[in-house]
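Since the structure comes first, as C-alpha cells, the remarks are kept for the end.
Read the numbers this way: they start at 1 and go in the same order the structure lists the ligands and their atoms. As the structure is a computational prediction, the values presented were derived from the model and not from experiment.
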Amino acid sequence: MKKLEDIVSLCKRRGFIFPGSDVYGGMAGTWDFGPLGVSLKKKIMDAWWDYFVEKREDIYGIDAAILMNPKTWVASGHTTTFADPLVECKECKGRFRADKIANGVSESVTTEEFLNTHTKCPVCGQENWGPIRKFNMMFRTHVGAVLPEDNEENKELAEKSIAYLRPETAQGIFTNYKNVLDTLYPDLPFGLAQQGKAFRNEISPRDFILRDRECSQMEIEYFVNPETWEENFEIMRQMEHDFLENIIKLPQENIHELEVSAEDRAHYSKRTIDFMFDYPNGQEELMGLAYRTDFDLKNIEHESGKSMSYRDKITGESFIPHVIEPSIGVERLFLAILSTAYTEDEINGEKRIVLKLPENLAPFRFCVSPLLKNKPELVEKARTVYKALRQKYRNVTWDDSGNIGKRYRKQDEIGTPKCIVIDFDTLKDDTVTVRDRDTTKQIRTKIDEL
Ligand code: GAP
C-alpha cells in the first residue's frame, strides 16, 4: 500500500518539493518545487499545452495578468459566492471547514444540519460549536500607494484600491474573449487555454500538494453554440480521458467520474463531472469538467456594458456563446503521477524505491556515469558520451557520486529510465552498459546505437 508520507519524504529527499519558506518554519498551504520538481512540473504543463493547444486548430493560448480589475470578481460572482462553510470550536478556537469534518453534509450545510451531526472538534475533542459562517476564499491586497492605515481620510480611497489574487485562471480568459474574437475572428466552436497560478485562502490546506493556498491551474474555456453544448461536453470529456490515460499514463481504473449534484455544483455550472483519482489517502477530485453556460459572458456584458455577442458568419445570427470548461490543477496531476509511479520492490533481497515515471515526464531520460570516478580515462570517455547525448536529448544527467550501486538507487528514486555506464570494455570496443530502471536488466550496446 502506497503511503502519502513516503511520497512526501521522497520529494524532499530528492529535491522534488520542499515546504514553502522552509527555512523560516514553513507557511501552511505553500510548497516550493526544487530542481527535479520543476522539471517534472514543466513537462506535465508542456504535455498539456502540446495536447490541447499546439496539436489543435481550434484552441488558442492566452496568458492574462493575475491581478485583475475588481469588477471581474463581482461579475463572476466570486465576491459573493466563492466561500466555504467555516465553523469555530468555542473551546479551543480551532477553525474548520464544516463539510470536511462532518460526515454526509455538503458545502451548503446550515448550522442546524451541522449541529445535528454531533461532530467532535478534531483538535480538542469537545462538541461546542459556534454558528456556520461563509468564509470568502479570495486573497485581498491593495493596488497603488494608498494604504488603509495611512490616515482616516484615505480610508475610502483605500477601499477602492482593494484587489484580489485570482482564485481561478478562467476569468483572465473570459475577459479576453472579446479581444480574441476581434483580432483572430475564430469560428465557433473555439477554445482559449491558459496555465498559471491561482490563489485560494483554504481554511484547511492538507494532503501535501493536494489542497494548497497557491496552486497552478490549466484551464480551457471552450466557446460553443448553445445548441451544441452536449456534444461538445462529450468531446471534452473524451479528450480529458485520452490525455490522462494515454499521454500522462494514469491507470484508467484509478480515475472515476462523479456527476456533481445541483446543490454541490459551483454557482456558474449547469452540469459538472468531477474526475476523481485514487490518491494514497483516498479518492479526491483531480479535475473538473463544467458546463458554465453563458453565465460569465453575460455577466461581463452586464458589468462592462460591452457586447459579448458572437455573429455567425454564415447564418448572420448573433448570440452569446456557451462555455464548456475542463479545469485541472497542476499539483493534483503531479501528485497523481507521483503516486502512480512510486513503487517499492526488492532486487536481490534488497529493498528499493523506484519512481516508474513515463519516459516523457521523467526529469532525466538518461544518466551517464564512469564506472570509477578515479580513472581519468573512464571519466574522459564518459564525458564524451554525456555531451553527445545531451546535444541530442538535453535532459541527460551526469552522476559520478558514490559507487555504482548507490547511483542506480538514486536514479531509480528520481525515475531515470536508463543508466549508461562507461567501463574498461568501453575503451576497447566502444560499447557501454545500459541498465533499465524498471527491470534492472542490463544490456551492452555500441555507443553509436544509443
Ligand atoms: N475555473 C474552475 C475552477 O477553478 P475548481 O473545481 O474550483 O474549478 C479546478 O478548480 C481544479 O483546480 C480542481 O479540480 C483542482 O485540480 C484544482 N484546484 C482547485 N483548488 C485547489 C487547491 N486549493 N489546491 C490545489 N489544486 C486546486
Side-chain angles (χ1 to χ4, degrees), residues 17 20 27-31 33 41 44-45 48 62 64 66 68 72-73 75-78 81-84 97 99-100 107 135-139 164-175 177 191-222 236-237 240 243-244 248 250 255-260 264-277 279 281 283-293 295-297 299 323-338:
I17 300 177
M27 180 157 176
T30 67
W31 298 93
F33 286 74
K41 187 177 176 189
I44 295 170
M45 293 172 82
W48 184 91
I62 201 146
I66 288 175
M68 300 181 72
T72 309
W73 310 112
S76 69
H78 281 82
T81 53
F82 191 61
D84 275 343
R97 239 183 94 166
D99 59 326
K100 292 289 171 201
E107 279 170 40
F135 174 75
N136 193 293
M137 292 201 293
M138 283 197 292
F139 280 103
Y164 300 92
L165 299 186
R166 66 180 179 202
E168 60 169 7
T169 62
Q171 294 305 322
I173 296 181
F174 288 121
T175 49
Y177 148 85
L192 293 177
Q194 177 165 228
Q195 302 182 325
K197 292 269 184 178
F199 303 83
R200 298 177 178 196
N201 199 359
E202 296 282 353
I203 298 170
S204 331
R206 62 180 170 83
D207 288 337
F208 190 31
I209 52 172
L210 198 83
R211 190 168 295 282
D212 311 318
R213 293 197 165 120
E214 178 180 333
C215 67
S216 304
Q217 290 184 318
M218 305 191 282
E219 302 201 291
I220 297 169
E221 307 307 322
Y222 199 61
M236 284 293 149
R237 193 169 76 85
E240 289 302 331
F243 173 69
L244 294 174
I248 298 295
L250 294 182
I255 301 169
H256 314 273
E257 288 192 6
L258 176 81
E259 187 77 48
V260 182
D264 281 340
R265 282 199 296 262
H267 58 279
Y268 48 70
S269 176
K270 266 219 173 130
R271 184 180 179 200
T272 299
I273 293 178
D274 281 345
F275 284 51
M276 310 296 285
F277 186 79
Y279 288 100
N281 279 4
Q283 227 178 71
E284 289 282 352
E285 178 186 329
L286 165 62
M287 61 156 293
L289 177 65
Y291 169 41
R292 287 182 83 129
T293 68
F295 176 90
D296 299 274
L297 292 183
N299 287 341
V323 170
I324 312 294
E325 178 197 63
S327 170
I328 187 160
V330 178
E331 289 76 8
R332 290 198 188 178
L333 188 51
F334 193 109
L335 190 55
I337 292 165
L338 278 191

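- In the vicinity of E325, heavy-atom distances shorter than 4.0 Å reach the ligand 1 atoms 1 (N), 2 (C).
- Residues F208 and W31 bring their aromatic ring centres within 6.0 Å.
- Nearest to atom 12 (O) of ligand 1 among the protein's heavy atoms is Q217 NE2, 3.2 Å.
- In this structure, the protein non-hydrogen atom closest to atom 9 (C) of ligand 1 is S327 OG, 3.0 Å.
- Ring to ring, F334 and F33 are close: their centroids are under 6.0 angstrom apart.
- Annotation: atom 21 (C) of ligand 1 to nearest protein heavy atom, R332 NH2, 3.7 Å.
- A 6.0 Å sphere centred on CE of M137 holds more than 12 heavy atoms belonging to other residues, nucleotides or ligands.
- Without hydrogens or angle criteria, D84 side chain to D99 main chain gives no donor-acceptor distance under 3.5 Å.
- Side-chain atoms of Q171 and T72 form no donor-acceptor pair, as typed in the model, at a separation below 3.5 Å.
- Residue contact check for ligand 1: L210 places a non-hydrogen atom closer than 4.0 Å to it.
- Neither the backbone nor the side chain of R206 comes within 4.0 Å of ligand 1, counting heavy atoms alone.
- Only the side chain of E219 comes within contact range of ligand 1, with a heavy atom under 4.0 Å; no backbone atom does.
- Using a 4.0 Å heavy-atom cutoff, R265 is absent from the residues neighbouring ligand 1.
- The closest non-hydrogen atom to atom 24 (N) of ligand 1, taken over L333, D212, V260, D207, comes from D212.
- For the pair R271 and Y291, the NZ or CZ position fails the cation-pi test of under 6.0 Å to the six-membered ring centre and within 45 degrees of the ring normal.
- Close approach of ligand 1 to G288 is summarised as follows: ligand atoms under 4.0 Å from at least one heavy atom of the residue are 14 (O).
- Neither the backbone nor the side chain of T169 comes within 4.0 Å of ligand 1, counting heavy atoms alone.
- Using a distance-only test at 3.5 Å, with no hydrogens or angles considered, a donor-acceptor pair links the side chain of Q195 to the main chain of M45.
- Put simply, the side chain of N299 gets close to the backbone of A75: a donor and an acceptor are under 3.5 Å apart.
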Full working for side chain to side chain contact (heavy atoms under 4.5 Å, CB included) between R97 and E107: CA-CA 9 Å; R97 239 183 94 166; E107 279 170 40; 3.7 Å; yes

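- Looking at A170 next to ligand 1, no N or O pair under 3.5 Å apart turns up.
- Proximity to C215 (heavy-atom distance under 4.0 Å) selects the following atoms of ligand 1: 21 (C), 24 (N), 25 (C), 26 (N), 27 (C).
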K197 and E214: CA distance, side-chain angles, deciding distance, side chain to side chain contact (heavy atoms under 4.5 Å, CB included) verdict: CA-CA 7 Å; K197 292 269 184 178; E214 178 180 333; 2.9 Å; yes

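- The aromatic ring centroids of H267 and F295 lie less than 6.0 Å from each other.
- Checked against a 3.5 angstrom limit, the closest N/O atoms of I328 and ligand 1 fall outside it.
- Closest heavy-atom approach to atom 5 (P) of ligand 1 within the set E168, M287, M137, R200: this belongs to R200.
- Within ligand 1, the atoms closer than 4.0 Å to a non-hydrogen atom of R292 are 1 (N), 2 (C), numbered from 1 in the order shown.
- Contacts between E331 and ligand 1 below 4.0 angstrom, taking non-hydrogen atoms only, are absent altogether.
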Worked check of side chain to side chain contact (heavy atoms under 4.5 Å, CB included) between M287 and L244: CA-CA 10 Å; M287 61 156 293; L244 294 174; 4.3 Å; yes

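- Atom 6 (O) of ligand 1 has E285 OE2, 3.3 Å as its closest protein atom, hydrogens excluded (heavy atom only).
- Counting heavy atoms closer than 4.0 Å to ligand 1, residue Y268 contributes side-chain atoms (C-beta onward) but none from N, CA, C or O.
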